[in-house]
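None of the values given here were measured: they were computed from a predicted structure.
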Amino acid sequence: QLQLVESGGGLVQPGGSLRLSCAASGFSLHNYVVGWFRQAPGKEREGVSCMISTNTNYADSVKGRFTIHRDNAKNTVYLQMNSLKPEDTGVYYCAAEWWTDTDICAAFTRPGRYGYWGQGTQVTVSS
């Protein structure tokens, strides 16, 4: 099976940190574009971060606070979230799509570009 399983969400105080995990089974993430998205209530799903091989990018709203990284041994991609703000609240999803050598993260900011999705994990930033 091709599956992404997310974990690590929860309730955190403003200024706190969380690390989200996206564990893949049935395929190797290093051959795929991996994206993190979030969706707040009543809002569209927005791109948070993207990883293609060793290249990454981030939404302006999270630059300097969030970091995407991969543990190849565990076939898992992480999103380290620091200095969390209430506006970071939402359901966070990881997604993956087959990567070719001409792909760039700028072309993978929309949810529709991804074929594989995790189930989502809730992140709530609140006092």
Side-chain angles (χ1 to χ4, degrees):
Q1 299 87 0
L2 304 179
Q3 187 176 7
L4 299 172
V5 178
E6 297 161 334
S7 62
L11 175 65
V12 65
Q13 299 291 310
S17 298
L18 286 173
R19 188 180 72 166
L20 307 183
S21 299
C22 177
S25 61
F27 63 102
S28 179
L29 283 176
H30 78 267
N31 295 125
Y32 285 77
V33 181
V34 178
W36 282 97
F37 291 79
R38 66 187 181 189
Q39 188 165 20
K43 295 185 177 181
E44 295 183 348
R45 193 169 298 183
E46 65 170 337
V48 174
S49 184
C50 172
M51 171 179 284
I52 301 179
S53 186
T54 60
N55 302 118
T56 61
N57 77 345
Y58 302 89
D60 288 342
S61 60
V62 306
K63 283 182 178 178
R65 300 188 297 119
F66 290 12
T67 303
I68 188 171
H69 65 280
R70 181 175 62 239
D71 185 333
N72 288 327
K74 296 182 178 180
N75 202 27
T76 298
V77 171
Y78 302 93
L79 184 68
Q80 179 66 47
M81 306 186 296
N82 299 324
S83 302
L84 284 162
K85 305 175 181 179
E87 52 263 44
D88 295 319
T89 294
V91 179
Y92 282 70
Y93 302 87
C94 71
E97 183 55 71
W98 179 255
W99 171 65
T100 67
D101 58 7
T102 61
D103 289 331
I104 57 174
C105 275
F108 286 86
T109 60
R110 297 172 59 189
R113 292 300 310 273
Y114 295 84
Y116 302 95
W117 289 85
Q119 82 287 353
T121 185
Q122 176 70 43
V123 172
T124 302
V125 185
S126 179
S127 299

* Hydrophobic cluster membership, Ile104 vs Met51, 4.5 Å side-chain cutoff ->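 No; Met51 is not reachable from Ile104 via cluster members.
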* Given the rule that I, L, V, M, F, W and Y join up when any side-chain heavy atoms are under 4.5 Å apart, are Leu11 and Phe66 in one cluster? ->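 Shared cluster, no.
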Over all atoms of both residues, closest heavy-atom pair of [X] and [Y]:
X      : Y      : answer
Thr121 : Gly9   : OG1-N, 3.1 Å
Val5   : Gln119 : CA-OE1, 3.7 Å
Val34  : Ile68  : O-CD1, 4.1 Å
Ser17  : Asn82  : OG-OD1, 2.8 Å
Ala96  : Leu29  : CB-CD2, 4.3 Å

Could you tell me if the side chain of [Y] sits less than 4.5 Å from the side chain of [X], heavy atoms only?
X     : Y     : value
Val62 : Arg38 : yes
Thr67 : Tyr58 : yes
His30 : Asn75 : no

* Among all residues two or more places apart in sequence or in another chain, which pass the ring pair (Phe, Tyr, Trp, His ring centres under 6.0 Å) test with His69? ->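 With sequence neighbours excluded, His69 shows a ring pair (Phe, Tyr, Trp, His ring centres under 6.0 Å) to Tyr78, given in chain and number order.
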Do the side chain of [X] and the main chain of [Y] share a donor and acceptor less than 3.5 angstrom apart?
X      : Y     : result
Ser83  : Gly15 : no
Gln80  : Arg19 : no
Gln3   : Ala24 : no
Arg113 : Glu97 : no

Quick one: pull up [atom1] in [X] and [atom2] in [Y] and give me the separation to the nearest 0.5 Å.
X     : Y     : atom1 : atom2 : value
Arg65 : Met81 : CZ    : CE    : 9.5 Å
Asn31 : Ser53 : CG    : OG    : 9.5 Å
Tyr92 : Leu79 : OH    : CG    : 7.5 Å

* Asked: Between Glu46, Glu44, Arg45, which is the residue that forms a side-chain hydrogen bond (donor to acceptor under 3.5 Å, both in side chains) with Gln39?
  ->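 Exactly one pass, corresponding to Arg45.
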* Identify whether the distance between the nearest side-chain nitrogen and carboxylate oxygen of Lys85 and Asp88 falls below 4.0 Å. =>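 Asp88 and Lys85: not salt-bridged.
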* Asked: When Ile, Leu, Val, Met, Phe, Trp and Tyr are grouped by side-chain heavy atoms lying under 4.5 Å apart, directly or through other members, which residues fall in the same group as Tyr93?
  ->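 Result for Tyr93 is Val33, Phe37, Ile52, Val91, Trp99, Phe108, Tyr114, Trp117.
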* Which pairs count as side chain to side chain donor-acceptor pair (under 3.5 Å) when at least one residue sits in residues 101-112, sequence neighbours excluded? ->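 Sorted result for residues 101-112: Thr100-Thr102, Thr100-Asp103.
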* **Over 12 foreign heavy atoms within 6.0 Å of CZ, Phe27** =>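 It does: Phe27 CZ has more than 12 such atoms within range.
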